[in-house]
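Heavy atoms only: backbone and side chains are in, while hydrogens, waters and symmetry mates are out. Numbers here simply count residues along the sequence, with the first being 1.
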Amino acid sequence: KVAIEPGVPCRMCNFCKTGVYNLCVDMKFCATPPIHGNLSRYYVHAADFCYKLPSNMSMEEGALMEPLAVGVHACKRAGVSLGKRVLICGAGPIGLVNLLTARAMGASEVVITDVVDSRLEVAKSMGATHVYKVAGGKTAEEMAGDIETLLGGNKPDVCIECSGVEASIRFGIFHKSGVAVLVDWQPEVTSIVNAAVR
């Protein structure tokens, strides 16, 4: 039994050859169109992107390795450490592993946002110190004020954006904490990302 790294790069470009294969422009990512997923009885995957699971690890634990690696990488990139206040935009699976990772790395407060109440309830049960339901009609400025209120008048030290939604990315960048890590974004929001890094 193995766990897979779902993105397989070309292995030929400069990014691949210098060890940052996650930036490969010819990445074939499992279940990202036009590449099919692997919900089937048998699946063929590149051997060098398969990792043998120890006999004492369940398949369920093995399935969590890749999403957890995303959370660990994002939190490391964001500089999450002891006492930091973290804002996580999006309480889906990737947002939740970022929540767990941030808490494990010593974050003192974690605010997680979403548009779905049930996701926020799960986040609260998994260790979020505050949850915030994003509702239509509020500006990024107003929402940033709400987050500061939740944090006792403090801005978050770090924002980890996990939803890929343009409005959420804008909000994540707007809070002006100094560090914003975009875990997911869609091609149509590239202009806002380009503008944000200038």
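- When all heavy atoms of Phe171 and Ala144 are compared, the closest pair comes out as CE1-N, 3.4 Å.
- Under the 4.5 angstrom side-chain criterion for Ile, Leu, Val, Met, Phe, Trp and Tyr, the cluster partners of Val20 are Phe15, Leu23.
- Membership of the apolar cluster around Tyr21 extends to Val8, Phe49, Tyr51, as traced through chained side-chain contacts below 4.5 Å between ILVMFWY residues.
- Side-chain contact between Asp157 and Val86: absent, with no pair of heavy atoms (C-beta onward) separated by less than 4.5 Å.
- The minimum heavy-atom distance linking Gly137 with Glu142 is given by the pair O-OE1, 4.0 Å.
- A single hydrophobic cluster is not seen to contain both Met57 and Leu64; linkage of ILVMFWY side chains at heavy-atom distances under 4.5 Å, directly or through other members, places them apart.
- Side-chain contact between Ile160 and Val179 is absent, with no heavy atoms from C-beta onward closer than 4.5 Å.
- Tracing side-chain contacts under 4.5 Å through hydrophobic residues (I, L, V, M, F, W, Y), one never reaches Val70 starting from Met27; they form parts of separate clusters.
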Quiz item: Run the side-chain contact (heavy atoms from CB on, under 4.5 Å) check on Cys75 and Asn98 step by step: do they pass?
Solution: CA-CA 7 Å; Cys75 286; Asn98 274 278; 3.8 Å; yes

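- Here the side chains of Arg103 and Val110 are in contact, with some heavy-atom distance below 4.5 Å.
- Between His130 and Ile112, every side-chain heavy-atom pair lies at or beyond the 4.5 Å cut-off.
- Judged by distance alone, the side chain of Glu66 and the main-chain N or O of Leu68 form no donor-acceptor pair under 3.5 Å.
- With Lys84 contributing its side chain and Glu109 its backbone, the two residues share no donor-acceptor pair below 3.5 Å.
- Remark: side-chain polar atoms of Thr149 are paired, donor with acceptor, to backbone N or O of Gly145 under 3.5 angstrom.
- The environment of NZ in Lys1 is crowded: more than 12 heavy-atom neighbours from other residues, nucleotides or ligands sit within 6.0 Å.
- Take His73 and apply the ring-ring contact (aromatic ring centres under 6.0 Å, His included) test, not counting sequence neighbours, and it matches no residue.
- Side-chain rings of His45 and Tyr43 approach one another, their centers coming within less than 6.0 Å.
- For Lys133, the salt bridge (Lys or Arg N to Asp or Glu O under 4.0 Å) partners at least two apart in sequence or on another chain are Asp117.
- Residues forming a salt bridge (Lys or Arg N to Asp or Glu O under 4.0 Å) with Lys124 (at least two apart in sequence, or on another chain): none.
- At a threshold of 4.5 Å between side-chain heavy atoms, the hydrophobic network of Ile, Leu, Val, Met, Phe, Trp and Tyr places Met65 and Val183 in two separate groups.
- Ser108 places a side-chain N or O within donor-acceptor distance of the main-chain N or O of Gly83, the cut-off being under 3.5 Å.
- Taking Arg77 as the reference, nothing meets the salt bridge (Lys or Arg N to Asp or Glu O under 4.0 Å) condition, with sequence neighbours excluded.
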